[in-house]
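Scroll down for the structure; my scribbles are underneath it.
All values below were derived from every heavy atom in this structure, side-chain atoms included, with hydrogens, water molecules and symmetry-related copies excluded. Order of the sequence lines fixes the chain letters, A, B, ..., with proteins taken first and strands second; residue numbering starts at 1 for each chain.
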2 protein chains.
Amino acid sequence: MYQLYYYPGNANLAPHMLLEEIGADYELVLVDRSRNEQKSAAYLELNPAGRIPVLVDADLVLYESAAICLHLADRHPAAGLAPALGSDERAHFYKWLMYLTNTVQAELLVYFYPERLADEAAAAAQVKAHAESRIGAMLDLIEAALAAGSGPFLLGAQYRAVDAYLLMLCRWTRNLQHPARARPRLGRFLDTVMARAATQRAFAKEGIAAPFY
Amino acid sequence: MYQLYYYPGNANLAPHMLLEEIGADYELVLVDRSRNEQKSAAYLELNPAGRIPVLVDADLVLYESAAICLHLADRHPAAGLAPALGSDERAHFYKWLMYLTNTVQAELLVYFYPERLADEAAAAAQVKAHAESRIGAMLDLIEAALAAGSGPFLLGAQYRAVDAYLLMLCRWTRNLQHPARARPRLGRFLDTVMARAATQRAFAKEGIAAPFY
């Protein structure tokens with residue numbers, strides 16, 4: 001029995017989609033961000049970085065959303081959520097997951113919290129605008145990769161953990177001026193991933209209402 | 001025969017250290033950043049994100065430094081650079097690599113290139129100062145993890161790919177007001193990793209002069 005510490009639509013969404021794909025036995029534990037519970041002493045014991053999510057797997061307490069995705073994929077090889085160890089496809093899987101987490105996700109955090117990098121509102125506004133522009137270029141790069149590939153997923157015909165991660169991040173762009181869904185290949189990709197029963201169950205269990213992305 | 005596209009001390013350094021640990025057959029290919037070669041059409045064919053490094057492994061062209069580290073560790077299991085697939089230790093290995101790349105490395109990029117997030121110098125200076133402060137808190141978190149662990153490495157007694165990654169990022173902090181080496185556990189960690197023959201060979205082949213971190 002896994003426990004996934006979550007807040008609706010936060011970085012738990014991709015791991016949650018994978019738990020549903022796997023058909024794993026798990027329970028959700030709400031971390032109430034409206035009361036800043038992710039910075040409480042009890043939560044910092046689980047994740048000293050004070051961020052959501054955390055996955056508890058028996059004695060293992062694991063944070064970092066992308067690490068949780070990798071761990072779940074490895075623990076449940078029958079679900080086919082990661083390519084075989086040592087294969088070229090696995091290398092590309094790593095590449096995309098790294099790009100998504102260290103580039104797209106990192107820039108989205110700058111976009112959502114520009115005040116963390118500025119003393120006053122005018123500078124924060126500059127930071128936010130630059131981040132939005134940079135996220136656009138990143139989404140264009142992913143759009144081009146989808147156009148160059150055989151689709152419908154990032155690595156081709158098979159749904160992988162990186163696809164759940166990409167949907168989660170694209171959802172976060174839904175209120176940008178030029179959101180992910182406005183790009184034709186990304187739009188089709190999002191429709192395809194959203195059509196999966198496991199995706200819909202994860203969204204429903206987190207209480208996420210439309211528009212989804 | 002691998003090819004590693006590099007520029008001295010860039011994000012190629014950790015993969016380079018691993019190639020030396022493995023004893024792999026490889027050659028270095030310089031990407032001349034002083035001439036902006038990482039944005040040339042030829043290089044963008046290898047990595048559309050225009051960043052260093054790229055690893056070429058026969059038909060595989062791979063970018064993202066952390067992905068290259070994972071791939072090398074997987075392809076050469078005898079080198080013991082990653083824990084066994086599906087183990088709790090592997091999960092912690094993923095966790096640290098994700099934290100290093102999506103949090104520490106991402107913030108270091110903000111610190112080194114604050115103008116990418118600002119219209120004018122005053123705002124860029126705010127961004128740089130905030131990034132430096134945030135990097136300090138991240139290094140403190142790693143220092144606390146080293147203090148809580150059994151050492152000398154991030155995951156304990158065995159040297160892993162994440163340790164090369166951590167040394168690379170710590171090197172990048174060497175000119176900060178409170179660099180990584182100023183923390184006692186991190187300082188000892190850096191000395192230990194730098195004492196490895198493979199580390200010294202990688203530094204020498206990139207032509208990196210002291211101070212190393």
Side-chain angles (χ1 to χ4, degrees), chain A residues 48-49 51 55 57-60 62-72 74-77 85-88 90-103 105-107 109-110 114-120 122-131 134 137-138 141 144-145 148, chain B residues 48-49 51 55 57-60 62-72 74-77 85-88 90-103 105-107 109-110 114-120 122-131 134 137-138 141 144-145 148:
Chain A
R51 296 192 301 208
L55 182 81
D57 176 7
D59 290 339
L60 173 67
L62 186 61
Y63 56 90
E64 285 297 331
S65 177
I68 294 170
C69 290
L70 288 165
H71 176 67
L72 289 173
D74 288 353
R75 278 275 167 102
H76 302 276
L85 199 77
S87 65
D88 283 7
R90 176 101 175 185
H92 289 298
F93 168 83
Y94 286 145
K95 174 192 75 182
W96 282 116
L97 190 62
M98 296 307 107
Y99 184 77
L100 291 178
T101 193
N102 73 16
T103 300
Q105 185 173 9
E107 199 76 33
L109 290 178
V110 173
E115 71 281 1
R116 293 177 182 170
L117 290 170
D119 297 326
E120 25 85 359
Q126 288 181 32
V127 168
K128 194 175 186 72
H130 280 264
R134 289 164 56 80
M138 294 163 189
L141 185 150
Chain B
R51 297 192 299 207
L55 181 81
D57 175 7
D59 291 337
L60 173 68
L62 185 61
Y63 58 88
E64 285 296 331
S65 177
I68 295 171
C69 290
L70 287 165
H71 176 68
L72 289 172
D74 288 354
R75 278 274 167 103
H76 302 276
L85 199 76
S87 65
D88 284 6
R90 176 100 174 186
H92 288 298
F93 168 83
Y94 286 145
K95 174 191 76 183
W96 281 116
L97 191 61
M98 296 307 107
Y99 185 78
L100 292 178
T101 192
N102 73 15
T103 300
Q105 186 173 6
E107 199 78 31
L109 291 178
V110 173
E115 71 282 0
R116 295 177 182 172
L117 290 170
D119 298 324
E120 25 84 359
Q126 288 180 33
V127 168
K128 193 174 186 74
H130 280 263
R134 289 163 57 80
M138 293 163 189
L141 184 150

With only heavy atoms counted, which part of [X] is less than 4.5 Å from chain B, the side chain, the backbone, both or neither?
X: A/Arg134; answer: side chain
X: A/Ser87; answer: backbone
X: A/Ala125; answer: neither
X: A/Glu107; answer: side chain
X: A/Leu60; answer: both

Considering non-hydrogen atoms only, spot the tightest contact between [X] and [Y] and give its length.
X: B/Lys95; Y: A/Tyr63; value: CG-O, 3.4 Å
X: A/His130; Y: B/Asp119; value: NE2-OD1, 2.7 Å
X: B/Met98; Y: A/Ala66; value: SD-CB, 3.6 Å

Quick check on the interface: out of [options], who has the most heavy-atom pairs with chain B under 4.5 Å?
options: A/Met138, A/Lys128, A/Glu120, A/His76; value: A/Glu120
options: A/Leu62, A/Val127, A/Thr101, A/Leu70; value: A/Leu70
options: A/Arg116, A/His92, A/Arg75, A/Glu64; value: A/Glu64
options: A/Ala144, A/Ala137, A/Ala106, A/Gly86; value: A/Gly86

Among B/Ala122, B/Ala123, B/Ala91, B/Pro114, residue most engaged with chain A (heavy-atom pairs, under 4.5 Å) | B/Ala91
Out of B/Ser65, B/Ala118, B/Pro48, which one racks up the most heavy-atom pairs below 4.5 Å with chain A?
->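 Ranked by heavy-atom pairs under 4.5 Å with chain A, first place is B/Ala118.
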Cationic N near anionic O, under 4.0 Å, A/Asp57 to B/Arg90 | no
Atom CG of A/Asn102 and atom CG of B/Leu100: how far apart are they, to the nearest 0.5 Å?
-> 11.5 Å
